[in-house]
Asker: 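Just dropping this structure here.
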Amino acid sequence: MAHVSMGEAHRRIADYLNRFADAVSYQDGASLKKLLSLSSNSSSLLSLADALAVFHDSNRLIKQSDKFSHLAEILLPLFRALHSYRIGNLVDSYQSYEKSANAFIQEFRNWDSAWALEALYVVAYEIRILAENADRELASNGKLPEKLKAAGSFLMKVFGVLAGKGAKRVGALYVTCQLFKIYFKLGTVHLCRSVIRSIETARIFDFEEFPKRDKVTYMYYTGRLEVFNENFPAADHKLSYALKHCNRQSEANIRMILKYLIPVKLSIGILPKDWFLEKYNLVEYRNVVQALKRGDLRLLRHALQEHEDRFLRSGVYLVLEKLELQVYQRLMKKIYIIQKQKDPNKAHQLKLEIIVKALKWLEMDMDLDEVECIVAILIYKNLVKGYFAHKSKVVVLSKQDPFPKLNGKPVNS
Amino acid sequence: MIMNQGGSTETMSAVNSSSLENWHVVNASQGQTSSYLPSTAGSEALSWTAPKVDNRFTENGIPSNLTYHYDHQHVQPPVSSSSSLGTVNAPQDHNGYASYNPSDPYGYGSTGYSGYYNGYQQQSNPSYSQPVGAYQNTGAPYQPLSSFQSTGYAGSANYSSTYYNPGDYQTAGGYPSSSYNNQTTPSSSYNNQTTSSSSYNNQTAQWNDANYANYTNSQQYAHYTSSATTVYSSGAVTATTPATTTTTPLNYQQQYKQWTDYYNQTEVTCAPGTENASVTGTSNFASSVPSVPSGYPTSNNLPPPPYAPSWRSESSSNEFPSVQSGAVVNGAKDGYWRHGAPTSQNYHTTPVQPQIQTPLDQNSYNSFQDQQNSSIPQGPNLQYPATHQVPPPVPSCPQGPNLHYPATYQAPPAPPTYQPSPRSVQSFETQRGSKLQIPTNPRIASNLTFGLPKTDKDSSTTTAAVAKPAYISVSLPKPNEKVPSSAGADSLLKPGMFPKSLRGYVERALARCKDDTQMAACQAVMKEMITKATADGTLYTRDWDVEPLFSLPNADVVKQDAQSLTPISSSTKLKRSPSRRTKSRWEPLPEEKPVEKPASINHGTSNYAGWVNERDRKTLMMNSGSKGENMTGTRYSSLEQKGANKFTQKPAKRQCLMDSFVAANNGDTSSDSDKEQSLTAYYAGAMALENSPEERKRRESRSKRFENGQRHGSETNHLKSKSVGSGNLYSRRATAMVLSKNFEDGGSKAVEDIDWDALTVKGTCQEIEKRYLRLTSAPDPATVRPEEVLEKALLMVQNSQKNYLYKCDQLKSIRQDLTVQRIRNHLTVKVYETHARLSLEVGDLPEYNQCQSQLKSLYAEGIEGCHMEFAAYNLLCVIMHSNNNRDLVSSMSRLSNEAKKDEAVQHALAVRGAVTSGNYVMFFRLYKTAPNLNTYLMDLYVEKMRFKAVSCMSRSYRPTLPVSYVAQVLGFTSVANEGSDEKESDGLEECIEWLKAHGACLVADNNGEMQLDTKSTSSSLYMPEPEDAVAHGDASLAVNDFLTRTSS
């Protein structure tokens, strides 16, 4: 880096400028995107950054020639961003890049065709990545990390540019996904709503028309949102879509999807096979599934406790916790089956004491009132058919299908 | 330009006030006198507007002129009415609004703007139609105003609808539209304006006719407004102004709410229109106005002659008439006129828009004085009018609009009080002025927010300056008067019982009253109105903000006053008008004008508050000197001037306030009428608080704050010298001085660059008890308690036997003192913890949340406290109230392992488990064993939990369930056999009551024990409406309740 001669530096910069101008004039999006991809650390950009460190008068170079001067608004801050990036000044780098990106979308707006969509993707991506880096730097300096938020509003602007009738509209979903990533990272997921609404209701958008990769990402994030809302059927639909269309090769992505899809499926009564969990290395769910199968409340609680941090971070903790009711149901069903084997005639009358005793075996110390309450809830939520007779402390089960299966429907709430 | 603007505003105000009166009078048959006043007012307004228009035209050549025309019309009607009402009401309004204005002018304007704007148009579209076709359309915005009057007078319903018809505007535009179009075309503006104005006049005439028939002032007004709106953004403003004029009160309120909108809208169209309108109004009287002759005759109500002159001749010829009218108006209002006249004269001296300005100034001045006098708080409002005046000159400056806007905004708050009085008119005028300016400035929107604060200041300064001269001669007493009136309004209002808007309306109405008898009459009228409204159910549905004020019962007195005053004003006008004439309004204003204005302002200010003036001047200087710097409108020097004007205006407002204070303090009787004095006496009590030094200081500091923000630009020193010359009444205030110094030194500093350490206060107050007042300006060390005193204060609160509201108030003031001294230590934590606990105990969640968020950051700084306890509260809060799984998960994941071992946190986590699973047994067990104050938070969830539990039980149990069991499980009774029998049965009774209240079916079994019939209960359960529910969701915020509680 150190030894770049002035002439060499000048040559590199001029070369870059030429390529940039050519890409624009030939509407070569693929070449252009490489020139904008700051964080790719490509060798050509790195050498350009070195050249910029030596050759300080790039402004003049740009303004000198008519070929570049109309792109000066993009190029000047871009050079600054590159330089800052190279010397590790990430906040400045972000700020300059945002300026450049602003100028770029101004130009982009004027280009009739969507040839530069690829380049725009890179810009949107870079903005997010640079903002994340800048925030890290800000946070380490004890300052308020705000760049990602700024990137969010910038991308909203980009979204506005794309949300039109032309061919550019297919790019809107990519930007949306970048926005999702920002919002999820910032914890401001409520901001997703407006973008989702325009994607899902605006007539200009045909969801199927978007690139597949964006559709998968979109479905993944919206599915996660539905998990938070505990809207399991919708979450199931979206995450299943994402899973189905996800590239088979990208196992990391599949795993990310499954991380949410499995709890959703469990909640609607569908259990995964053990090998499946192992294949995708989701063993944290194994005990949960076991507990559901066996009606083992203790196991479930242990599993939740063991992976509490992980589940809390991914946000599925509450979903898994609600599986308790299904575990109770399973337990009661087991008791019912055993009773039935002993005395089929009295099997539908389940004494509360027996349930309490069963729970005690599981080291769950609960008294009659508590268990009674749980049974009442089970009946109320339609996990058990029948009624509870308070006087005799007996659960009277329906003779037909006393423990209805969920079969893809969520527990009544 | 400033002058011109100011003048126009004044006229507007005058017109408005007079319009109100006139309407009444005219209608009543006091025809001559009343007409006279209005006419005068109208003339003034005309002159005002005309100058404004001219300036704009010449300088900017902006289309906004058209708008002006509209405004004029509007103005005219208001003038008559407002004058009579104005004097009395203004004071009252002041009081009510006072608090309002001080802190929020900025925010107000900026925030409200866009929203209002939108709302406005939409609203206007819906209803309009009632009044004359064209009128109605235009009237849409107006109607609200008109509705006011009409309500007061005749059918208000229609009006209100008009209000909402933005669309109508356009439609109405039909007739106005032609004029509108003309106006819209920027270049054509002048001629077009005139034409438009003529058309306007015609319209007005129509209005008048219509009004006459129906008493339509309000309707007309409404039309006006609507027309303004139609004009649309530009027009709206004008419309508003006119509306204000006519229905001043209504306008005011509306403006109040919709200021921003109005401003924006009105800005463009209105400015020209307004002027014309006002002219027309005047023309009605004289019918001589050349520009709008046709219209005038038709309108007939107002004296066209003055109007016409002002328009055509613009400055000089107009000035005279306008001046005279202004004088008349003043007299009518109260003794104020005289003062006003002098002021106006001063204005004249100021080169810019001598005639117009003078009239306006006078009016505004008078109104200002009145307003100020009446209620110190209102003082700002009064200032607003002044601001208005400034705007006219401003037209050239792009910034000007902004400033005006703020001014207008301010005015709106004041208007409520003012509306009846000239003040409202003034505010309207200001608005117009701002509107006018806006047209010039394309940026308006952006500027508005930005500029609003500035404008306020400027406007205030200008007004102050203008007013001050007048003040010197007469004005001081006036403030006092006004204040009383406002207080009276408050008393009349019967706070708490009625909708806020109604209260505002009453205040406005009362503010018009000059004396007790009038007040009593007003009260009687309003009582009748309210009873009527209650009877037909419109009490809560009616838009009192736009309801036109009824005519003042005692218009005669006002008229007399006006007459007496008139001569003076006219003379002053004459003197000054020549100088003004030199500069034609139509021609672009030379830079000199701004300078001159500042000078005039300075003089005025010098008498009153030195520092404010200085600042204002500085701002002015800056604006004028560095035209392009601050303002968007670099193009035109005139624009710059406007900006300067705005700046000046804002200071003026402050000054006015200060003046009013001074007046109150000094008991100057300069021009106050006996009636006013009596009013003062009447309201002395109310006034006292406002006049207290503390209050003054606060207000000053507030105004300072605004000033500071405004004058970010470099400061030119032209004005400085003047400012220096002025004596600083308030210089003694250390804080103020420090602040001003700081500002001067770092005039161009951005907010971020301010050295907060240097501004951190070291308190010197030794009093342990201190009421909380939200700071809107830099704190005064004399009122801030140092740490050791705060410690005592905390102890005092902790040991106090008084109620929560008292403690909350005290704790808030402690918190405030801690904050301003930037004390963050164990004491701070203690204070917040104490407050958080107290608020939990009474279920004051908003307060608790404030404390909690502060505690969070305090704990994060490593300050020791009851961290765990509050972590548990926080968790419970999220569980119980946010109902947001994401929040819950994130706050759970933030708990450290150590925290999870804490008893309180564990309890909270267990409660969470019980809530998410719906385990009511667990919940109520935890309820009984809750540590710390967890119970109080759980309390807030008990009702929900019980209801859920009973619905669950009624579904799961068959056939019955003993109530005793329910009572035990749901926490009505303690676990069986533990408590005494008495307690047990009490709990059981309570449970039965609760079950019954929720629709449960209870049956007694053979043993006489109550059983829950689950099957029938499952279908009959319901959640009863909470008895103490209030519309805004927090019963503790109910005004009545709050007032009674704080007074205890």
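In what follows, every chain begins at residue 1, and chains take the letters A, B, ... in the order their sequences are listed.
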Asker: With a 4.5 angstrom heavy-atom cut-off, is it the side chain or the backbone of A:Val189 that approaches chain B, or both, or neither?
Answerer: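 Answer is side chain: those atoms of A:Val189 sit under 4.5 Å from chain B.
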Asker: Measure across B:Asn934 and B:Ala904 and return the closest heavy-atom pair with its distance rounded to 0.1 Å.
Answerer: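 Here B:Asn934 and B:Ala904 meet closest at ND2-O, 3.7 Å.
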Asker: So with a 6.0 Å cut-off around CD of B:Glu903, is the heavy-atom count from everything else above 12?
Answerer: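 At most 12 heavy atoms, drawn from other residues, nucleotides or ligands, come within 6.0 Å of this atom.
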Asker: Using the ring of B:Phe972 (Phe, Tyr or Trp, six-membered ring only), decide whether B:Arg946 places NZ or CZ under 6.0 Å from its centre and within 45 degrees of its axis.
Answerer: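 Pair B:Arg946/B:Phe972 counts as cation-pi.
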Asker: What part of B:Ser917 is in contact with chain A, defined as an atom under 4.5 angstrom from a non-hydrogen atom: side chain, backbone, both or neither?
Answerer: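 The backbone, not the side chain.
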Asker: Can a salt bridge be assigned to the pair B:Arg925 and A:Asp367 using a cut-off of 4.0 Å between side-chain N and carboxylate O?
Answerer: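 So B:Arg925 pairs with A:Asp367 through a salt bridge.
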Asker: Could you look at A:Glu321 and say if it's the side chain, the backbone, both or neither that has a heavy atom under 4.5 Å from chain B?
Answerer: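 For A:Glu321, the side chain is the part near chain B, not the backbone.
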Asker: Let me know if B:Ser1018 has heavy atoms under 4.5 Å from chain A in its side chain, its backbone, both or neither.
Answerer: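 Answer is neither: B:Ser1018 stays 4.5 Å or more from chain A.
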Asker: Checking A:Glu372 against chain B: side chain, backbone, both or neither under 4.5 Å from a heavy atom?
Answerer: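 For A:Glu372, backbone and side chain are both near chain B.
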Asker: Can you say whether A:Ile374 sits under 4.5 Å from chain B via the side chain, the backbone, both, or neither, judging by heavy atoms?
Answerer: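 Just its side chain gets close to chain B.
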Asker: What part of B:Lys1015 gets within 4.5 angstrom of chain A, counting heavy atoms only: side chain, backbone, both, or neither?
Answerer: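 No part of it gets close to chain A.
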Asker: Step through the shown structure and confirm whether more than 12 heavy atoms of other residues, nucleotides or ligands are within 6.0 Å of CZ on A:Phe180.
Answerer: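 Buried by this count: over 12 neighbours within 6.0 Å.
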Asker: Sort out for me which of B:Pro959, B:Cys952, B:Ala949, B:Ser954 touches chain A most, counting heavy-atom pairs under 4.5 Å.
Answerer: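 Result: the option with the highest number of such pairs is B:Cys952.
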Asker: Chain A heavy atoms under 4.5 Å from B:Met892: which part of the residue, side chain, backbone, both or neither?
Answerer: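 Contact with chain A involves both backbone and side-chain atoms of B:Met892.
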Asker: Between A:Ile379, A:Leu325, A:Leu312, A:Val319, which has the largest tally of heavy atom pairs under 4.5 Å with chain B?
Answerer: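 Sorted descending by pairs with chain B, the first entry is A:Leu312.
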Asker: Using a strict threshold of under 4.0 Å (side-chain N to carboxylate O), is an ion pair present between A:Lys393 and A:Glu353?
Answerer: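 Salt bridge: no.
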Asker: Within a 6.0 Å radius of atom NZ on A:Lys360, are there more than 12 heavy atoms belonging to other residues, nucleotides or ligands?
Answerer: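 For A:Lys360, atom NZ is not crowded (no more than 12 foreign heavy atoms under 6.0 Å).
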Asker: Please classify the contact between A:Tyr317 and chain B as side chain, backbone, both or neither, with a heavy-atom cut-off of under 4.5 Å.
Answerer: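 Looking at A:Tyr317, just its side chain touches chain B.
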Asker: Can you find a pair of side-chain heavy atoms, one from A:Lys147 and one from A:Glu98, that are under 4.5 Å apart?
Answerer: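 A side-chain contact under 4.5 Å is absent here.
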Asker: For A:Asp309, is it the side chain, the backbone, both, or neither that has a heavy atom closer than 4.5 Å to a heavy atom of chain B?
Answerer: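 Side chain of A:Asp309 only, per the 4.5 Å heavy-atom cut-off to chain B.
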Asker: Out of B:Arg912, B:Met922, B:Lys948, B:Arg958, return the one with the most heavy atom pairs under 4.5 angstrom to chain A.
Answerer: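 Among B:Arg912, B:Met922, B:Lys948, B:Arg958, the one with the most close pairs to chain A is B:Arg958.
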Asker: How about B:His998: does its NE2 atom have over 12 heavy atoms from other parts shown lying under 6.0 Å from it?
Answerer: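 Enclosed.
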